[in-house]
Amino acid sequence: MRLQDLQETLRERVRSAAAENFNITLKQVTAEVPPRTEMGDLAFPVAFELARRIKQATGEKRPPRSIAEALKPLLEAVEGVARVEVAGAGYINVFYDRAQFLSRFSSLVAPAGSSGTLSDVDVKPKRMVEHTSINPNKAAHIGHVRNAVLGDTFVRILRAAGERVEVQNYIDNTGVQVADVVVGFIHLEGMTLDEIKALDKSLPKERPFDYYCWDLYTRVGLFYRNDDPNGEPDAERLKLRAETLHAIEEGDNPTAELADYVATRNVECILDTMERLGIRYDVLPRESEILHLHFWDAAFERMKERSVIHFAEEGKNKGCWVMPFESHTGTDEHEADKIIVRSNGTVTYTGKDIAYQLWKLGRLGLDFNYKPFRHYFDGQTTWITSTEHVRQDTTELIGARTRPRFGGGATVYNVIDSRQSYTQEVVRRGVAAVAPDVGEEASVHLGYEMVALSIAACEELGIELSEEDRTRPFVEMSGRKGIGVKADDLINRLEADALSEVETRHPDISVDERVAIAHAIAVGALRYFLLKFTRNSVIAFDFKEALSFEGETGPYCQYAAVRANSIFRKLDAGAQVSAKEMIQKAQHDRNEEVSKVFEGEGGDEIWSLVTLAARLDEAVRGAAEGAEPATLAKYTFNLARAFNLFYHRHRIIAEENAARRAVLVTVAEVTRRQLALALEALGITVPERM
RNA sequence: GCUCCCGUAGCUCAGUGGAUAGAGCACCUGCCUCCUAAGCAGGGGGCCGCAGGUUCAAGUCCUGCCGGGGGCACCA
């Protein structure tokens with residue numbers, strides 16, 4: 001029996017009772033968890049609504065309490081319900097049979113995260129999640145990490161909810177940002193491709209290629225502005241960017257070859273960074289293929305056929321293909337229509353994105369070619385798109401690895417920061433206009449607010465702030481100005497802090513093990529820090545908060561799980577087996593001794609941990625439906641908190657009363673299981689010890 | 001001008017229309033002979049920005065206003 005099954009049964013009973021007793025059809029039966037365990041396990045405020053509707057229908061004024069009293073015996077008859085109380089002005093509070101519930105709950109093997117059989121997953125509609133999508137021209141910063149952690153966690157949550165998911169990381173390898181770094185290499189450094197390769201090889205491990213590009217990109221930004229950071233861009237110098245960009249888009253020339261090396265190396269560096277955080281991808285679709293495999297041409301034809309866009313004969317956008325956008329009223333300054341094809345015939349990013357999105361949904365009629373990009377040590381492969389026609393058979397083995405069939409999803413989730421919500425809306429509408437049968441619902445913009453820097457963080461980084469900046473709540477990061485916290489720097493710092501802590505706690509263990517534990521803690525801290533904020537909250541990054549291992553943090557949650565595991569390392573096998581037997585039997589034969597453990601104030605406290613642990617499924621489902629990983633993070637923290645309290649109050653192994661020990665052991669067992677599953681869905685691992 | 005988001009404890013943030021609004025940090029007081037103190041317990045702290053409205057019930061929904069941030073490029 002799962003918690004939600006019992007809830008559903010009770011809901012149904014309320015619904016049918018309302019129909020039979022009062023002739024009222026309830027569309028939705030609201031159920032809630034009472035504020036305190038003593039008040040019950042599930043509450044129905046339904047009597048208030050029924051009182052109003054009875055009055056509407058018959059004119060009879062019936063107090064909610066009396067309605068609740070009438071429903072009480074019907075709910076009490078439900079299997080698994082111990083008793084029902086009417087409380088307050090008319091709440092119906094249901095109390096479960098605690099011993100029986102624990103017995104059934106603990107016997108479930110894998111309540112959450114069981115993704116069914118492989119064939120079952122195969123036929124399910126595919127959810128496409130695009131995240132990370134960092135311009136491959138510099139190292140990742142914490143803003144990018146928020147994107148990647150949000151996306152990766154959402155993927156894990158969907159999978160825990162039994163969904164089939166494909167993960168994409170879009171590579172804009174032919175864009176302006178790559179062009180800028182290429183301008184830097186060619187015109188500032190005067191380097192050839194071979195010289196760049198030699199430089200790359202010579203760079204120290206702690207300051208790799210993406211770090212070099214980070215600095216170079218900043219220098220290019222200054223170069224465009226004649227070395228004045230606040231100056232206007234120099235039109236002559238910007239011509240270099242335009243020429244370079246054009247050559248890169250064109251392809252098949254030395255500049256494009258150089259750009260390809262730069263972009264590919266940055267992608268590799270970024271994937272290394274993400275691997276440190278446990279983040280991987282199924283496929284890396286590149287913009288160069290969208291161009292060279294003529295994805296845009298196909299999308300363009302469809303958009304013209306469906307009259308989604310039209311050619312502007314006159315006005316401000318004369319000579320462009322535009323998509324009307326009536327929800328934004330135009331002004332002199334801001335045009336209402338969105339330009340898709342420029343007057344020079346080139347396509348905008350939005351246009352390319354519509355083509356890409358159509359491919360994601362299987363509505364373009366074209367596919368990429370693919371080749372393996374990276375094989376991970378554990379056998380996973382990340383694929384990248386390719387222009388060349390590598391053998392395409394989906395069942396074909398390449399290096400003993402089968403290539404999955406990419407694209408053709410039922411729903412697309414784009415993890416992109418909220419600053420691009422306007423563009424995302426254009427894409428969503430464009431796609432829906434071309435493919436009305438999938439509609440706008442198939443495209444979901446999983447938006448989130450940016451990560452900015454707190455004033456304290458800027459000071460720590462030695463960033464000069466103007467008087468005006470200091471009065472603001474935060475300072476926006478800027479890749480162009482080089483203002484930001486690089487992901488690897490932060491992870492290094494977290495690992496170093498965690499390592500020194502592990503060293504003082506466990507001087508006896510091997511260096512390798514200490515490093516591994518420190519790594520797990522660092523990742524736990526960073527991921528949790530980025531997940532505890534809801535998506536539409538701006539994170540003003542602060543070192544003190546991000547580097548904390550205490551309080552509401554990842555390590556706090558990990559620590560609770562480690563403690564739970566340590567109980568079972570030390571508990572002898574016999575005690576574990578006898579506990580299991582005793583609790584299992586209580587499912588059918590009422591055991592007074594076991595039931596007694598759940599009585600009184602102490603019993604409520606133990607029971608509240610059981611019900612909280614049992615709500616993991618609900619938390620996972622809620623996070624998946626609301627596309628809000630923060631709710632699962634909060635749930636996990638609360639479960640860890642409840643377990644720490646439980647752990648502190650009870651001597652589990654030393655407990656002498658057999659029934660009581662059986663309950664405590666079982667509660668610890670179900671909690672550690674649920675906690676581990678919750679952490680796994682957050683991408684946080686549980687070390688052996690901490 | 002139009003549009004989206006935010007405003008809740010000193011600070012940073014949670015809070016599906018339901019009961020006495022929560023957590024972490026900071027501050028104060030206790031608790032390591034114990035399954036590890038990255039922990040636990042207790043304490044002070046709140047016109048939920050303001051004003052109306054809807055509802056049996058509003059921090060939550062609607063309208064207006066005030067304050068802060070983002071977006072509205074032939075950039076991505």
Side-chain angles (χ1 to χ4, degrees), chain A residues 30 32 34-36 39 43-45 47-49 51-52 55 64 87-91 93 135 172 175-177 287 316-322 325 327-336 338-344 346 348-350 352-353 417-423 425 447 449-450 452 454 472-474 476 498 501-502 505-506 521 525 532-540 542 544-545 548-556 558-560 562-571 622 625-626 630-631 633-634 637-638 641 644-645 647-654 668 689-690:
Chain A
T30 308
E32 56 160 353
R36 289 191 307 281
M39 299 169 89
F44 293 100
F48 306 115
E49 191 189 340
R52 182 175 55 84
K55 197 180 158 199
Y91 283 94
N93 291 345
N135 272 303
D172 185 3
V176 179
Q177 293 213 29
E287 188 179 66
K316 200 180 161 205
N317 297 332
K318 186 177 175 185
C320 299
W321 285 86
V322 300
F325 207 80
S327 78
H328 291 69
T329 42
T331 59
D332 291 346
E333 212 177 331
H334 303 295
E335 199 59 45
K338 179 69 195 168
I339 291 166
I340 303 296
V341 181
R342 302 180 187 106
S343 56
N344 66 5
T346 57
T348 60
Y349 168 83
T350 311
K352 282 180 272 193
D353 218 21
D417 92 65
S418 310
R419 284 173 288 193
Q420 290 190 49
S421 54
Y422 172 66
T423 315
E425 201 181 334
E449 290 291 335
M450 65 178 154
S454 67
R472 309 184 82 180
F474 49 76
E476 196 173 340
E501 195 64 39
V502 173
R505 285 165 195 250
H506 302 288
I521 292 168
K532 73 178 184 179
F533 299 92
T534 52
R535 288 192 283 117
N536 50 17
S537 168
V538 175
I539 299 179
D542 184 79
K544 189 174 165 289
E545 277 179 54
S548 171
F549 297 151
E550 287 166 19
E552 195 197 338
T553 65
Y556 176 97
Q558 290 170 305
Y559 190 63
V562 167
R563 281 177 147 180
N565 286 337
S566 76
I567 294 170
F568 292 91
R569 232 188 350 261
K570 296 190 178 167
L571 185 70
E625 283 167 10
T631 59
K634 294 282 177 193
F637 171 67
N638 282 326
R641 211 158 53 95
N644 271 333
L645 173 62
Y647 180 88
H648 185 257
R649 287 209 181 148
H650 308 286
R651 297 281 85 86
I652 296 157
I653 294 174
R689 43 187 159 177
M690 279 176 74

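In what follows, every chain begins at residue 1, and chains take the letters A, B, ... in the order their sequences are listed. Heavy atoms only: backbone and side chains are in, while hydrogens, waters and symmetry mates are out.
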Tabulate protein N/O versus nucleotide N/O from nucleotides 26-34 of chain B, keeping only pairs under 3.5 Å, one per line.
{"residue": "C34(B)", "atom": "O2", "partner": "Arg651(A)", "partner atom": "NH1", "Å": "3.3"}

Quiz item: Which part of the nucleic acid does Lys318(A) contact within heavy-atom distance under 4.0 Å: base, sugar-phosphate only, or nothing?
Solution: base
Practice problem: Please report, rounded to the nearest Å, how far the P atom of C4(B) is from the CD atom of Glu449(A). | Solution: 14 Å
Practice problem: Look up atom OH in Tyr349(A) and atom CD in Glu287(A), then write down how far apart they are to the nearest 0.5 Å. | Solution: 8.5 Å
Quiz item: On a whole-Å scale, what distance lies between the P atoms belonging to C61(B) and A14(B)?
Solution: 15 Å
Quiz prompt | salt bridge (charged side-chain N to carboxylate O under 4.0 Å, His left out) partners for Glu545(A), two or more places apart | solution = none
Quiz prompt | Rounded interatomic separation in angstrom, taking CE from Met690(A) and P from U36(B) | solution = 13 Å
Quiz item: Rounded to whole angstroms, how far apart are CD on Glu550(A) and P on A23(B)?
Solution: 18 Å
Exercise. Rounded to the nearest 0.5 Å, what's the gap from CZ on Arg535(A) to CG on Asp417(A)? Could you check?
Key: 12.0 Å
Quiz item: Using the C1' atom in both, what is the distance from C27(B) to C11(B), to the nearest Å?
Solution: 12 Å
Quiz item: Quick one: which of A41(B), A37(B), A76(B) gets closest to the side chain of Arg342(A)?
Solution: A76(B)
Quiz prompt | Sugar-phosphate, base or nothing in reach of Leu571(A), heavy atoms under 4.0 Å | solution = nothing
Quiz item: Mapping Ile653(A) and Asn638(A) to their closest nucleotides on RNA chain B, which lands nearer the 5' end?
Solution: Asn638(A)
Quiz item: Side chains of Tyr556(A) and Asn644(A): is there a donor and an acceptor less than 3.5 Å apart?
Solution: yes
Quiz item: Does the distance from a Lys or Arg side-chain N to an Asp or Glu carboxylate O, for Glu552(A) and Arg641(A), drop under 4.0 Å?
Solution: no
Quiz item: If only side-chain N and O atoms of Arg52(A) are considered, is one of them under 4.0 Å from the OP1 or OP2 phosphate oxygen of C56(B)?
Solution: yes
Practice problem: Take atom P in G44(B) and the same atom in G10(B), then report the distance between them in whole Å. | Solution: 14 Å
Quiz item: Between atom CD in Gln420(A) and atom P in C4(B), what is the gap in whole Å?
Solution: 19 Å
Exercise. Rounded to the nearest 0.5 Å, what's the gap from CD1 on Ile652(A) to OH on Tyr647(A)? Could you check?
Key: 7.5 Å
Exercise. Output all residues satisfying salt bridge (charged side-chain N to carboxylate O under 4.0 Å, His left out) with Arg505(A), sequence neighbours left out; order by chain, then residue number.
Key: Glu501(A)
Exercise. Could you give the distance separating G49(B) and G69(B) at their C1' atoms, to the nearest angstrom?
Key: 16 Å
Quiz item: Atom CD of Glu287(A) to atom P of A76(B): distance rounded to whole Å?
Solution: 8 Å
Exercise. Could you check which of A41(B), A38(B), A23(B) has an atom nearest any side-chain atom of Arg641(A)?
Key: A23(B)
Quiz prompt | Contact state string [nucleotides 11-21 of chain B, B base, S sugar-phosphate only, - no protein heavy atom under 4.0 Å] | solution = -SSSSB-BBB-
Practice problem: For Leu645(A) and C40(B), give me the distance from atom CG to atom P, rounded to whole Å. | Solution: 8 Å
Self-check item: pair Val538(A)-Met450(A): side-chain heavy atoms closer than 4.5 Å
Solution: yes
Exercise. Would you indicate, yes or no, if G71(B) has its OP1 or OP2 atom less than 4.0 angstrom from a side-chain nitrogen or oxygen of Tyr422(A)?
Key: no
Practice problem: Give the C-alpha distance, both sets of side-chain angles, the deciding distance and a yes or no for side chain to side chain contact (heavy atoms under 4.5 Å, CB included) between Met690(A) and Phe549(A). | Solution: CA-CA 11 Å; Met690(A) 279 176 74; Phe549(A) 297 151; over 6 Å; no
Quiz item: Once Watson-Crick and G-U wobble pairs under 3.5 Å are found, how is RNA chain B written in dot-bracket notation, 5' to 3', with | for any base paired to another strand?
Solution: (((((((..((((....[...)))).(((((.......))))).....(((((..]....))))))))))))....
Quiz item: Between G70(B), C40(B), U36(B), which nucleotide has the shortest distance from any of its atoms to the side chain of Tyr647(A)?
Solution: U36(B)
Self-check item: Spacing between Glu425(A) atom CD and C2(B) atom C1', to the nearest angstrom
Solution: 13 Å
Quiz item: Can you find a donor-acceptor pair, distance only, under 3.5 Å between Thr348(A) side chain and A76(B) base?
Solution: no
Self-check item: Contacts of Lys532(A) that satisfy salt bridge (charged side-chain N to carboxylate O under 4.0 Å, His left out) - sequence neighbours left out
Solution: none
Quiz item: Where the side chain of Arg472(A) is defined as all heavy atoms beyond and including C-beta, which of U36(B), A76(B), G70(B) is the nearest nucleotide?
Solution: G70(B)
Quiz item: Going from CD on Glu425(A) to OG1 on Thr350(A), what distance comes out if it is rounded to the nearest 0.5 angstrom?
Solution: 12.0 Å
Practice problem: Could you tell me whether C32(B) is syn or anti, where syn means a glycosidic angle within 90 degrees of zero? | Solution: syn
Quiz prompt | Lys352(A) NZ to C75(B) C1', straight-line distance once rounded to whole Å | solution = 10 Å
Self-check item: Arg419(A) side chain, from C-beta outward: closest of G71(B), G24(B), C40(B)
Solution: G71(B)
Quiz item: Tyr91(A) vs Phe48(A) aromatic rings, parallel, tilted or perpendicular, using cut-offs 30° and 60°?
Solution: perpendicular
Quiz item: Taking for each residue the nucleotide of RNA chain B with the nearest heavy atom, is it Pro555(A) or Thr350(A) whose nucleotide lies nearer the 5' end?
Solution: Pro555(A)
Quiz item: Contact class for Val322(A) vs. all strands (heavy atom < 4.0 Å): base, sugar-phosphate, or nothing?
Solution: nothing
Quiz item: Side-chain contact, heavy-atom cut-off 4.5 Å: Gln177(A) with Asp172(A)?
Solution: no
Quiz item: Which is true for Thr423(A) with a 4.0 Å heavy-atom rule: it touches a base, it touches only sugar-phosphate, or it touches nothing?
Solution: base
Quiz item: To the side chain of Arg505(A), which of C40(B), A38(B), G68(B) is closest?
Solution: A38(B)
Quiz item: Ser418(A) near the nucleic acid: base, sugar-phosphate alone, or nothing, with a heavy-atom cut-off under 4.0 Å?
Solution: nothing
Quiz item: Do Lys544(A) and Asp542(A) sit within salt-bridge range, that is, some charged N less than 4.0 Å from a carboxylate O?
Solution: no
